[in-house]
Amino acid sequence: MTVDVHSPESTADHGHHTSLGISNTKLAMWCFIGSECLFFGALISAYLIYINERADGPGAELFDIEFTSASTFILLMSSLSMVLALAGIQAGDMRRFRIWIVATGLMGSVFLAGQIYEFTVFLSEGANVTVSPFWSAFFLLTGFHGVHVAFGILMLIAAWASSLTGRLRMENAETIENLGLYWHFVDVVWILLFTLVYLIPALGGGGS
Amino acid sequence: MTTLAERPSASRSRSPFRRPLAETGLGSWFTTVDHKRIGILYFVSAMVFFVIGGVEALLIRLQLATPDGQVLTIDQYNQIFTMHGLTMVFFAVMPLGSAFFNYLLPLMIGARDVAFPRLNAFSYWVFLAAGLFIYSSVLLGGMPDGGWFGYAPLSLVGGDPLGYTIGDATTTQTIAGNTVAEGQRMVFYSLGLQIAGIASLASAVNFIVTILNMRAPGMTLMRMPVFVWMILIVSFLMLFAMPVIGVALWELMMDTSFGANFFDPAQGGDPVLWQHMFWLFGHPEVYILILPAFGIVSEILPVFSRKPLFGYTAIVFSGIAIGFIGWGVWAHHMFAVGLGPVANSAFGLSTMFIAVPTGIKIFNWIGTMWDGRLRLTTPMLFSIGLVAMFTIGGLSGVTHAVVPHNWQQTDTYYVVAHFHYVLFGGAIFGLMAGAYYWYPKATGRLMNERLGKAHFWIQLVGFNLTFAPHHILGLNGMPRRVATYEDGYGWNFWNLVSTVGAFVIALGVLVFIINLVISYKRGAEAGPDPWDARTVEWLTTSPPPPHNWDQVPNIRARDELWQRKYPTQGQREQVRVPAGGSGELEGDVAPGTTAPTEGTTGATQSPYTISDPGYDKGVRHDVHMPSPSYYPLIAAFGLPIAAYGVIFDQPAGFVFYAVGALLVLGGLFGWVLEPPTDPSAEVAHQ
Ligand SMILES: [Cu+2]
């Protein structure tokens with residue numbers, strides 16, 4: 001074998017080759033997450049600005065706090081299983097890794113199914129993006145979060161599949177660590193959304 | 001590198017394509033992941049867009065040359081002034097900056113490529129796809145016509161809701177059997193800029209990681225060339241500004257195409273929210289456009305003044321300060337909106353304050369030239385041109401910060417004068433300086449100096465002839481964005497002067513393009529270091545080999561190459577020059593006379609050898625460079641195809657969505673599944 005001298009990408013999995021000591025892919029993931037903060041920040045701002053712009057349409061009374069609390073709990077638990085999946089691959093226990101990565105994906109899917117169900121309920125009760133700025137902002141904000149969850153699930157499936165074919169091995173544990181960063185970030189955003197969108201209007205009596 | 005090993009065995013590859021391995025020939029440009037070739041692609045594409053935007057500018061000036069101009073209809077004028085702004089900002093100046101970032105960043109920090117070469121290729125193709133997408137609107141009902149700022153509610157209803165100029169605004173037309181509403185023009189705007197934003201975001205991540213992580217041994221942050229610092233700051237600005245405009249553009253698209261109510265006041269939406277989001281992106285965008293040029297002149301002025309940069313630390317930290325304060329000034333674009341005296345005062349003060357770090361840079365450049373032995377080459381002339389012209393633009397910018405004064409100027413040609421002094425006199429002059437300065441590095445040949453100087457003087461005169469009169473026109477009340485004006489306001493003379501000036505600029509740019517083309521074959525041989533420069537990109541051959549260096553240089557000083565050429569006598573380490581000191585080194589070799597031969601170790605050694613003392617010659621270092629790939633191109637062109645799904649009615653729209661999504665996802669999967677470096681590719685031997 002030949003010796004590798006600072007060639008790009010080939011150093012990506014070996015953090016100690018880089019100037020900061022953190023691998024390129026992980027640094028890139030942190031940058032991306034920083035950018036995503038502004039992305040959701042802008043969406044949340046629009047939602048908060050329009051929180052009372054309901055025209056004559058329905059408002060937050062359509063929210064079903066119990067239902068959304070349950071799906072929120074499931075999404076949070078998926079963060080736990082993501083941690084366990086990472087621990088599995090780091091320990092080289094690919095069976096354990098696969099169990100937990102599948103569990104993460106399933107819990108993410110349950111959350112997503114819950115969101116789709118919730119959207120269909122809202123639509124049937126006359127709420128859609130054209131009704132009022134409130135609903136425009138609501139659907140764009142929560143919809144984009146759902147897209148992020150869906151993209152995460154795709155990556156989880158890809159990780160699971162490539163561990164079956166042997167492409168993903170213990171040496172690639174950092175790929176899962178990066179995927180985990182993304183997944184936890186999406187969960188944290190949901191905690192924020194759940195609080196701002198669902199809980200605060202309910203606590204303030206805005207829903208009634 | 002160009003000789004290839006045997007073909008990959010068919011059983012190995014899981015890709016539907018044979019991996020492209022050619023690194024020469026026309027086809028290789030489509031699959032290249034080499035940062036230098038991507039830089040050249042950016043440069044050529046951006047120059048094409050620059051010429052298109054320039055022709056649009058000439059049409060605008062022809063229309064406004066006389067009162068009651070008849071060159072363009074009002075509808076055409078609205079499209080052309082919008083596209084002039086969009087083209088110059090997003091498809092000329094930003095990608096010209098990217099061209100320099102790509103070509104120079106790895107060379108300046110002593111790396112072999114950027115951190116993610118295929119992502120880099122993806123950025124380029126997405127940028128090109130966005131440009132082609134937005135210009136395809138010419139054939140699909142007209143180009144965007146709501147201004148580059150896209151203010152709601154104008155952007156929602158189209159330029160002519162009552163149908164004064166283009167017939168009934170609600171008319172539709174049939175394209176390929178599908179109904180397309182005329183009101184799609186600003187949909188092209190929102191989708192095209194979203195796609196372009198993806199390109200900027202991807203490059204931002206790539207450049208940040210490259211700068212922070214791929215530096216050569218010894219290249220500490222405070223030894224990095226100022227240009228690299230500016231790339232870092234610009235990348236962070238892009239990283240945080242692009243998602244803000246991305247959300248605003250999504251909301252605009254939801255309004256125009258899906259009946260949402262974000263910005264429609266009739267439904268309770270708030271058009272001012274668009275302005276906030278647009279300018280929260282828009283002001284950092286100004287620095288995204290200008291800081292690369294600042295970085296370029298900070299490289300050029302020391303070389304041709306034969307002095308170290310005056311106050312390196314001050315320039316770096318003022319750049320960082322601009323990067324931070326730039327987020328707190330956006331509402332100076334909105335003083336006339338009615339935000340109230342408190343907000344207006346606060347943003348007026350922050351806007352005055354941001355002039356301070358900008359002023360620091362200008363004094364640093366003057367300090368660099370002060371008492372230097374100036375060589376007035378073309379790159380130096382353009383750099384001095386930037387310092388002078390930007391100062392004028394900066395001063396008129398400070399006048400905008402004074403709120404009552406701003407109310408007088410807002411939406412007049414005074415503002416047009418201001419930002420052209422900043423973006424043409426600043427950004428374009430700086431980028432052209434960079435083109436003359438680094439052309440020999442990229443091509444191995446110098447650009448013609450005589451033509452270069454002619455270009456500079458023609459452009460300087462033409463530029464001032466065009467834009468200085470705008471100050472007067474604006475203060476005399478001429479509103480901007482008007483398609484025509486009546487006789488009798490006293491605006492005729494200066495408008496005519498401005499139009500003449502615009503054609504003088506066009507002549508200058510023509511000379512520039514001719515120079516670029518003829519010097520490629522006929523320019524004088526440059527050698528590795530034609531300017532007697534200071535930074536390490538001049539250490540390697542011109543043009544550099546695909547892997548940049550056989551051995552990555554060890555960096556021991558801020559002006560590493562200068563220190564190798566003119567080592568301080570008796571001292572291995574660079575003497576720390578007090579901030580602001582002239583940095584004249586004792587025993588300095590007379591400038592530009594000889595290529596010194598004494599290396600720091602005392603052995604007879606050219607400073608241009610890429611090997612370092614201490615490099616173990618016993619170890620055989622082979623370099624795996626990333627292999628070319630089809631996937632960035634495939635994934636990138638899926639984006640505009642999916643975007644046509646929004647433009648076209650169903651069912652054709654669904655076909656576009658499906659094909660686009662398939663290309664993007666398929667491209668990404670193929671990308672992930674192929675190794676960065678094909679195992680069968682030849683390695684470059686040391
Ligand atoms: Cu501004």
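Letters A, B, ... mirror the listed sequences (proteins, then strands); counts begin at 1.
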Hey, could you give me the CG/CG distance between A:Leu20 and B:Leu221, rounded to the nearest 0.5 Å? 7.5 Å
Is there a side-chain contact between A:Tyr50 and B:Asn261 (heavy atoms, below 4.5 Å)? no
Tightest non-hydrogen contact, residues B:Phe262 and A:Leu140, listed as CZ-CD2, 3.8 Å
For chain B, which of A:Thr130, A:Leu43, A:Ile49 has the most heavy-atom pairs under 4.5 Å? A:Thr130
Region of B:Leu280 in contact with chain A, defined by heavy-atom distances below 4.5 Å: neither
If you tally heavy-atom pairs under 4.5 Å between each of A:Ala42, A:Ser136, A:Ala28 and chain B, the highest tally belongs to A:Ser136
Where does B:Asp270 contact chain A at under 4.5 Å (heavy atoms): side chain, backbone, both or neither? both
Check whether more than 12 heavy atoms from other residues, nucleotides or ligands sit under 6.0 Å from atom CZ of A:Phe67, and answer yes or no. yes
Looking at every heavy atom in both B:Asn213 and A:Gly21, which two are closest together, and how far apart are they? OD1-N, 4.2 Å
Output the option from A:Trp30, A:Phe39, A:Phe40 having the highest count of non-hydrogen pairs under 4.5 Å with chain B. A:Phe39
So with a 6.0 Å cut-off around CH2 of A:Trp160, is the heavy-atom count from everything else above 12? no
Which residue in the set B:Val209, B:Thr210, B:Asn206, B:Leu212 passes side-chain contact (heavy atoms from CB on, under 4.5 Å) when paired with A:Asn24? B:Val209
Note: B:Val672 and A:Arg167 closest approach over all heavy atoms is O-NH2, 3.9 Å
Atom pair CD1 (B:Ile208) and CZ (A:Phe32), whose distance is rounded to the nearest 0.5 Å: 13.0 Å
Tell me, yes or no, whether the heavy-atom count around B:Trp279 atom CH2, taken from other residues, nucleotides or ligands under 6.0 Å, exceeds 12. yes
Where is the tightest heavy-atom contact between B:Gln267 and A:Pro133, given as atom of each residue plus distance? O-CD, 3.1 Å
For B:Phe258, does the CZ atom have more than 12 heavy-atom neighbours from other residues, nucleotides or ligands under 6.0 Å away? yes
If you take all heavy atoms of B:Glu251 and A:Ala46, which pair is closest and at what distance? OE2-CB, 3.3 Å
Which answer fits B:Phe236, side chain, backbone, both or neither, if we ask what part of it has an atom under 4.5 Å from a heavy atom of chain A? neither
Parallel, tilted or perpendicular: which fits the ring planes of A:Phe144 and B:Trp250, with parallel below 30° and perpendicular above 60°? perpendicular
